[in-house]
J.: 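One structure, pasted below without further comment.
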Amino acid sequence: THATDSLTPVYHAPAPPPRCQAKAAQPKSKEAKAKAATSGGKGKKKKWSKGKVKEKLQNLVLFDKNTYEKLLADIPKNKLITPSIVSEKLKVNGSLARKAVKELLSKGLTRVVDHHHAQSIYTRASH
């Protein structure tokens, strides 16, 4: 044997169980044969799981008075401000959160840290 052969483990398949002779000795009745033929081999069919269903968010699509006031009061105090954070905290949808962040920027309440086409990062305006 080679040196590499001694490093790889060798697995042996277990021996098949001995065949039972008792079954062949008893002849089946006609009813038993008919029942065996109709029953089929597999039994119950496998049921597919439904998978994990993500909970649907009921976010606002327009600002109401309370949410808008919360936007102006609470969000500019955060150190990190992104549209996704605004969306999560105020329970508004993503497009409304993007517009809200731009409005805070235009009012001078936030400033840009980095702007990428996919994600914008803002911080509080330090006066």
J.: Would you mind reporting whether Pro83 and Arg98 have side-chain heavy atoms less than 4.5 Å apart?
T.: yes
J.: Quick one: pull up NZ in Lys52 and CD in Glu55 and give me the separation to the nearest 0.5 Å.
T.: 14.5 Å
J.: Return a table of donor-acceptor pairs under 3.5 angstrom between the side chains of residues 101-110 and protein atoms on other chains or two or more places apart.
T.:
from: Glu103; atom 1: OE2; to: Tyr68; atom 2: OH; distance (Å): 2.2
from: Ser106; atom 1: OG; to: Glu103; atom 2: O; distance (Å): 2.7
from: Lys107; atom 1: NZ; to: Tyr68; atom 2: OH; distance (Å): 3.1
from: Thr110; atom 1: OG1; to: Leu105; atom 2: N; distance (Å): 3.4

J.: Sub-3.5 Å donor-acceptor pair from the side chain of Ser87 to the main-chain atoms of Val92, do we have one?
T.: yes
J.: If Ile, Leu, Val, Met, Phe, Trp and Tyr residues are connected whenever their side-chain heavy atoms lie under 4.5 Å apart, and connections chain through other members, are Val113 and Leu80 in the same group?
T.: yes
J.: Any chance you could measure Asp64, atom CG, to Leu90, atom CG, to the nearest 0.5 Å?
T.: 10.0 Å
J.: Output the distance between atom NZ (Lys65) and atom OG1 (Thr67), rounded to the nearest 0.5 Å.
T.: 11.5 Å
J.: With rounding to the nearest 0.5 Å, note down the distance linking CD1 in Ile75 to OG1 in Thr82.
T.: 9.5 Å
J.: What is the distance from atom CG of Leu71 to atom NZ of Lys89, rounded to the nearest 0.5 Å?
T.: 12.0 Å
J.: Of all the heavy-atom pairs spanning Gln119 and Ser84, show the shortest one and how long it is.
T.: NE2-OG, 3.7 Å
J.: Check whether Asn78 reaches the backbone of Ile81 with its side chain - one donor and one acceptor, N or O, closer than 3.5 Å.
T.: no
J.: Do you reckon Leu72 sits in the same ILVMFWY cluster as Leu60, going by side-chain contacts under 4.5 Å, direct or chained?
T.: yes
J.: Who passes salt bridge (Lys or Arg N to Asp or Glu O under 4.0 Å) against Lys77, sequence neighbours left out?
T.: none
